[in-house]
Amino acid sequence: MITTTYSSLGELIRYHRKQSVMTLTKLSKLTNIDKANLSRIESGQIRRPTLVTIQKIRCILNIPYEEMINKYVEIEERVEVLFNILDKLLERKNLSIITKVSKKILQSPTEDTVDLVKKLYGRVENIEESSIKLTLYQLIVNYSRAYGIMEYFTKCLLQAYLIERDDFSKLRSTYSSGKNIIEFDEFLTSEEKGVMYYKLSVHAYNLCLFKESVEMGEKAMGASIFDIRIQANTIQATCNSYYYLSNYEQARKYLDQYKEFSLPEVKDNVNVLEAMLHSANGNYQMAISLLKKNIPSCGNNALLHAVNELIKIYLQTHDLSEITELIELEDKFLSIPYVTPFKKAELALYYKLKGDYFLLTGRVEEGVDCYLEAASRYSKIDLTTKESECLRQIMNIQTNKHDIIISIHNKLGIYYDEKVRKG
């Protein structure tokens, strides 16, 4: 492929006209543009031909749209025209030219800088492609920082974080970047603050940073959250975090608040949380009774969590036969799609608990397979500590059977080789 570089729009047009073996006279007839004007466009004497004129020439000479626009935006300064070009480019998803046009919009000398940033931000909000949104939010962040436009600097930092946090393999780094926004929260609306602290609270919870999850959750509740489900999820995450911090009194307080929501998933989640609190206080039979009663009718949202809690109790009470019955139900709960980091962590935990069960029942190799599955799933949501725990479980296995020892070493080798290959 030969790439040709043009110093100007006129040079680009002349090149394609020559390639088409077309005279200015013929091009004039086909486009209904005066021959003298065509000549002046090619020579650069007409510095800013209209977009309509350029489109006519482009169609006749079969100049690729992006190639023409790439040169045209260098001479165009009218903001409304640049926005029209941007809208068309968004359909084509050409990120490099989209970025170039967006920069040109922000650099327009004819409009107020803050108004330009505000208009571009509004346009970006409606873009569906995440990679394009992220690039343009980062562009506005850099521009706003340079010009001290703190409101849109902060808004775009927040929007970029909300996109980046969806990459579950980088949950730790994106959480750190999200926390950096807190020092600028005065530039956010109360509703934006509520969303930010809610997202950070859930993010911290997914990373098992329960103290930080509580801190962020309580700040979220102090801001304005209009979405009922976000309100409920914030309280649920705070309740769960207090539970894992062994502060059962505070967990109970937030559980009572969570019960007040009439969302469909609340009843199942409340039953699981109630059982967890019973178990934490040593009331295993009450917890078992509540969970077993709930499982047959439990919705997809809480089913795996309920199963995991039951298995944990049965492991503590050494009731392995009951675990066998639960594992026989796994076709039902393993067929559910798990898309959030919390749900993915619950699935990893299931395999880890299943590995514990297999080891206790003497099925060492099956246990190893489950630990490796759990480790792999934890690594995909950046829970490296839990991944390491699963691998340590394998390395601490004691057996006198030489063939099993060799098998374990081989499986661990394959696991580490795969990690190195994937980087």
Side-chain angles (χ1 to χ4, degrees), residues 3 5-6 8-13 15-16 30-33 37-38 41 44 46-147 149 151-164 166 189 192 195:
T3 303
T5 304
Y6 315 98
S8 67
L9 177 64
E11 187 180 314
L12 168 69
I13 293 170
Y15 171 81
H16 281 280
L30 292 173
T31 58
N32 200 28
I33 299 170
N37 284 340
L38 286 172
I41 289 171
I46 297 179
R47 293 190 61 245
R48 294 191 183 91
T50 67
L51 185 57
V52 172
T53 297
I54 293 304
Q55 288 283 39
K56 288 180 180 179
I57 297 170
R58 184 188 76 79
C59 290
I60 296 301
L61 298 179
N62 291 317
I63 304 174
Y65 180 79
E66 283 89 348
E67 192 174 10
M68 175 69 85
I69 289 300
N70 193 42
K71 298 309 297 181
Y72 183 76
V73 295
E74 294 176 2
I75 59 171
E76 182 57 78
E77 292 184 348
R78 291 166 296 180
V79 171
E80 69 277 7
V81 175
L82 290 170
F83 269 120
N84 287 337
I85 291 171
L86 179 62
D87 290 339
K88 262 200 175 359
L89 288 170
L90 289 172
E91 297 172 9
R92 296 168 177 264
K93 301 180 180 180
N94 188 316
L95 186 55
S96 62
I97 304 182
I98 287 171
T99 306
K100 184 173 183 176
V101 174
S102 300
K103 284 182 180 178
K104 193 69 187 286
I105 288 171
L106 293 175
Q107 293 165 356
S108 173
T110 62
E111 290 201 28
D112 179 75
T113 303
V114 177
D115 287 342
L116 289 170
V117 170
K118 182 178 179 180
K119 286 179 182 178
L120 184 58
Y121 177 82
R123 256 333 189 278
V124 178
E125 282 185 304
N126 297 318
I127 297 172
E128 292 184 3
E129 184 70 33
S130 294
S131 60
I132 296 174
K133 289 183 80 165
L134 183 58
T135 298
L136 295 186
Y137 280 135
Q138 290 170 337
L139 172 67
I140 299 174
V141 164
N142 294 334
Y143 192 81
S144 297
R145 181 193 290 116
Y147 287 88
I149 309 171
E151 178 184 356
Y152 286 96
F153 167 75
T154 311
K155 285 178 184 290
C156 288
L157 277 181
L158 175 58
Q159 294 304 322
Y161 161 68
L162 295 179
I163 294 170
E164 291 175 320
D166 287 337
T189 66
E192 287 169 332
V195 170

Problem set entry | Verdict with reasoning, T31 to L38, per side chain to side chain contact (heavy atoms under 4.5 Å, CB included) | CA-CA 10 Å; T31 58; L38 286 172; 4.3 Å; yes
Exercise. Side chain to side chain contact (heavy atoms under 4.5 Å, CB included) between I149 and I140: does it pass, once the steps are laid out?
Worked result: CA-CA 10 Å; I149 309 171; I140 299 174; over 6 Å; no
Exercise. Hey, mind stepping through N142 and S144 against side chain to side chain donor-acceptor pair (under 3.5 Å) and telling me if it holds?
Worked result: CA-CA 6 Å; N142 294 334; S144 297; over 6 Å; no
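Using a 4.5 Å heavy-atom threshold, the side chains of V124 and C156 count as separate. Contact check for Q159 versus Q138: no side-chain heavy atoms found under the 4.5 Å cut-off. Considering only heavy atoms from C-beta on, L139 comes within 4.5 Å of L106 through its side chain. Taking the side chain as every heavy atom from C-beta outward, E67 and H16 approach each other to under 4.5 Å. Counting heavy atoms from C-beta outward, E11 and Y15 have side chains that stay 4.5 Å or more apart. Looking only at side-chain heavy atoms (C-beta outward), L120 and S102 come within less than 4.5 Å of each other. You'll find the side chain of L158 reaches within 4.5 Å of the side chain of L162, heavy atoms only.
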Distance-only check: which donor-acceptor pairs under 3.5 Å involve side-chain atoms of residues 74-81, not counting sequence neighbours?
residue : atom : partner : partner atom : Å
E74     : OE1  : K71     : NZ           : 3.1
E74     : OE2  : K71     : NZ           : 3.4
E74     : OE2  : K100    : NZ           : 2.9
E76     : OE1  : Y72     : OH           : 2.6
E76     : OE1  : R78     : NE           : 3.4
E76     : OE1  : R78     : NH2          : 2.7
E76     : OE2  : R78     : N            : 2.8
E76     : OE2  : R78     : NE           : 2.8
E77     : OE2  : R48     : NH2          : 3.4

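The distance from the NZ atom of K103 to the OH atom of Y143 is 12.0 Å, given to the nearest 0.5 Å. L90 CG to I127 CD1: the interatomic distance, rounded to the nearest 0.5 Å, is 4.5 Å. One finds the CD1 atom of I57 at 11.5 Å from the CG atom of L30 (value rounded to the nearest 0.5 Å). To the nearest 0.5 Å, atom CD1 of residue I85 and atom OH of residue Y65 are 6.0 Å apart. In this structure, CZ in R58 is found 11.0 Å from CG in L12, a value given to the nearest 0.5 Å. Taking CD1 of I69 as the start and CG of L82 as the end, the distance is 9.5 Å to the nearest 0.5 Å.
The aromatic rings of Y121 and Y152 lie perpendicular to each other, with more than 60° between the two planes, well past the 30° mark.
At most 12 non-hydrogen atoms from other residues, nucleotides or ligands lie less than 6.0 angstrom from CG of N32. For Y147, the OH atom is loosely surrounded, since the number of other residues' heavy atoms within 6.0 Å does not exceed 12.
Using a 4.0 Å cut-off between charged side-chain N and carboxylate O, E111 and K119 make a salt bridge.
Contacts classified as salt bridge (Lys or Arg N to Asp or Glu O under 4.0 Å) and involving residues 83-95 (residues at least two apart or in different chains) are given here: E66-R92, D87-R123, K93-E129.
Closest approach of T99 and L136 over heavy atoms only: CA-CD2, 4.3 Å. The two residues L116 and I105 make their nearest non-hydrogen contact at CD1-O, 3.4 Å.
With hydrogens and angles ignored, the 3.5 Å screen pairs no side-chain donor or acceptor of T53 with any backbone N or O of P49.
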